[in-house]
Amino acid sequence: MNTHLVVVCGGGGFIGGSLVADLRRQGFTRVRSVDAKPQNQWYQRFDDVENLVLDLEGKEACYQALQGAHTVYNLAADMGGMGFIELNKGLCMLSVLINTHLLMAARDLGVQRYFYASSACVYNADKQRDARVTALREADAYPALPEDGYGWEKLFSERMCRHFREDFGVAARVARYHNVYGPLGTYDGGREKAPAAICRKVIHAKRSGKHTIEIWGDGQQTRSFMYIDDCLKGTQMLTASDFVEPLNIGSSELVSINQLVDIVEQIAGVTLERSYNLSAPKGVNGRNSDNTLIRKVFGWEPDTRLRDGMEKTYRWIHDQIVAAAG
Ligand code: NAD
């Protein structure tokens with residue numbers, strides 16, 4: 001049993017909600033979940049957790065959220081898949097207010113551990129031009145040429161964490177997540193990412209009998225995708241550790257988007273006619289996580305096979321769509 005107060009910022013979101021659920025499973029008795037969305041829109045909400053609706057862009061809200069906190073996970077950000085971040089750079093940049101005000105509150109309220117969720121979008125775009133990628137090492141964030149908007153905000157906020165640690169002693173830890181997927185996350189509405197979007201499209205094609213699918217880009221762009229359970233394990237390991245530099249937390253199982261569609265088709269038991277929308281947002285050509293450092297630090301790396309994680313994700317999205325259809 002752990003009686004320290006743990007605050008999960010962004011607890012109404014995909015990763016934050018899953019973290020709250022995981023902390024409860026582990027026997028944490030004092031958890032506070034904070035999000036700007038109304039509680040009926042949280043992916044996971046538990047009555048035995050202290051649930052607060054606060055806009056963490058505001059400074060006062062951050063001080064209220066962190067009152068009495070021992071450990072803080074900052075998973076709150078205005079974000080989404082490529083379709084959202086390419087078209088909402090200003091909104092993405094505003095998340096800088098969340099991390100800045102949370103760090104100030106963490107410093108002033110004596111928070112013992114502070115976790116910040118950064119992203120593989122901080123990496124230099126020049127290293128991601130080829131689909132046959134060399135996996136990204138932590139050092140590849142500099143010289144800086146991150147994803148415009150969202151990536152710049154993440155890189156700046158990483159540095160805020162560094163300097164609040166160096167100058168004010170805030171025990172900040174920073175993970176660079178690579179594409180996290182799993183049940184209980186966004187799968188429609190414009191903020192969803194590729195794994196969930198592809199599941200949704202395949203399910204709709206199967207249910208409607210119209211066996212076609214539109215793919216963003218030429219389908220040859222490559223990525224790795226990390227299952228939520230691995231994300232939660234790595235996040236908590238890093239937060240508890242003495243490792244202070246930004247660390248990749250991502251899978252190194254590289255696939256093209258076409259291969260991801262193959263996997264979902266196999267799970268669904270359908271074959272669809274593919275069309276390629278070359279003008280849709282598609283992000284960098286290739287990106288993978290170099291896990292040398294995380295293996296060295298923890299003797300572990302995210303290892304859930306994509307096929308296994310996608311099976312669970314597909315089933316959950318399928319159930320949601322069937323339930324919504326009545
Ligand atoms: P999500 O959108 O599901 O969750 C983010 C939550 O933050 C949302 O519930 C949102 O309402 C909340 N939020 C936004 N603005 C807020 C504000 N002003 N005050 C309070 N709450 C606010 O996203 P997620 O996938 O759970 O991502 C969590 C974190 O991990 C984010 O920082 C994201 O940038 C980072 N990340 C995620 C991925 C991924 O693949 N999911 C990859 C890299 C980094």
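Scope of the values below: all heavy atoms of this structure, side chains included, with no hydrogens, waters or symmetry mates. Atoms within a ligand are numbered from 1 in the order they appear, just like the ligands themselves.
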Quiz prompt | salt bridge (charged side-chain N to carboxylate O under 4.0 Å, His left out) between Asp230 and Arg305, intermediate numbers included | solution = CA-CA 11 Å; Asp230 289 336; Arg305 283 179 52 239; over 6 Å; no
Practice problem: Take Asp188 and Arg200 through the salt bridge (charged side-chain N to carboxylate O under 4.0 Å, His left out) test and state the conclusion after the steps. | Solution: CA-CA 8 Å; Asp188 64 4; Arg200 186 199 68 230; over 6 Å; no
Quiz item: Do the side chain of Glu311 and the main chain of Gly309 share a donor and acceptor less than 3.5 angstrom apart?
Solution: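 Checked: no pair found.
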Quiz item: How long is the span from the CG atom in Leu5 to the CZ atom in Phe28, to the nearest 0.5 Å?
Solution: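 Taking CG in Leu5 and CZ in Phe28, the distance rounds to 11.0 Å.
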Exercise. Taking side chain to side chain donor-acceptor pair (under 3.5 Å) as the test, write out the residues that go with His4, two or more places apart.
Key: none
Practice problem: In sequence, state the C-alpha distance, the side-chain angles, and the governing distance for Ser279 and Asn277, and then conclude on side-chain hydrogen bond (donor to acceptor under 3.5 Å, both in side chains). | Solution: CA-CA 6 Å; Ser279 52; Asn277 182 348; 3.0 Å; yes
Taking a 3.5 Å cut-off between nitrogen or oxygen atoms, can you list every pair linking ligand 1 to the protein, with distances?
from	atom 1	to	atom 2	distance (Å)
ligand 1	3 (O)	Phe14	N	2.8
ligand 1	7 (O)	Ala77	N	3.4
ligand 1	9 (O)	Gly13	N	3.2
ligand 1	9 (O)	Asp35	OD1	3.3
ligand 1	9 (O)	Asp35	OD2	2.7
ligand 1	9 (O)	Lys37	NZ	3.2
ligand 1	11 (O)	Asp35	OD1	2.6
ligand 1	18 (N)	Asp55	OD1	2.8
ligand 1	19 (N)	Leu56	N	2.8
ligand 1	21 (N)	Ala36	N	3.2
ligand 1	26 (O)	Phe14	N	3.3
ligand 1	26 (O)	Ile15	N	2.8
ligand 1	32 (O)	Lys154	NZ	2.9
ligand 1	34 (O)	Tyr150	OH	2.6
ligand 1	34 (O)	Lys154	NZ	2.9
ligand 1	40 (O)	Val180	N	2.7
ligand 1	40 (O)	Lys193	NZ	2.9

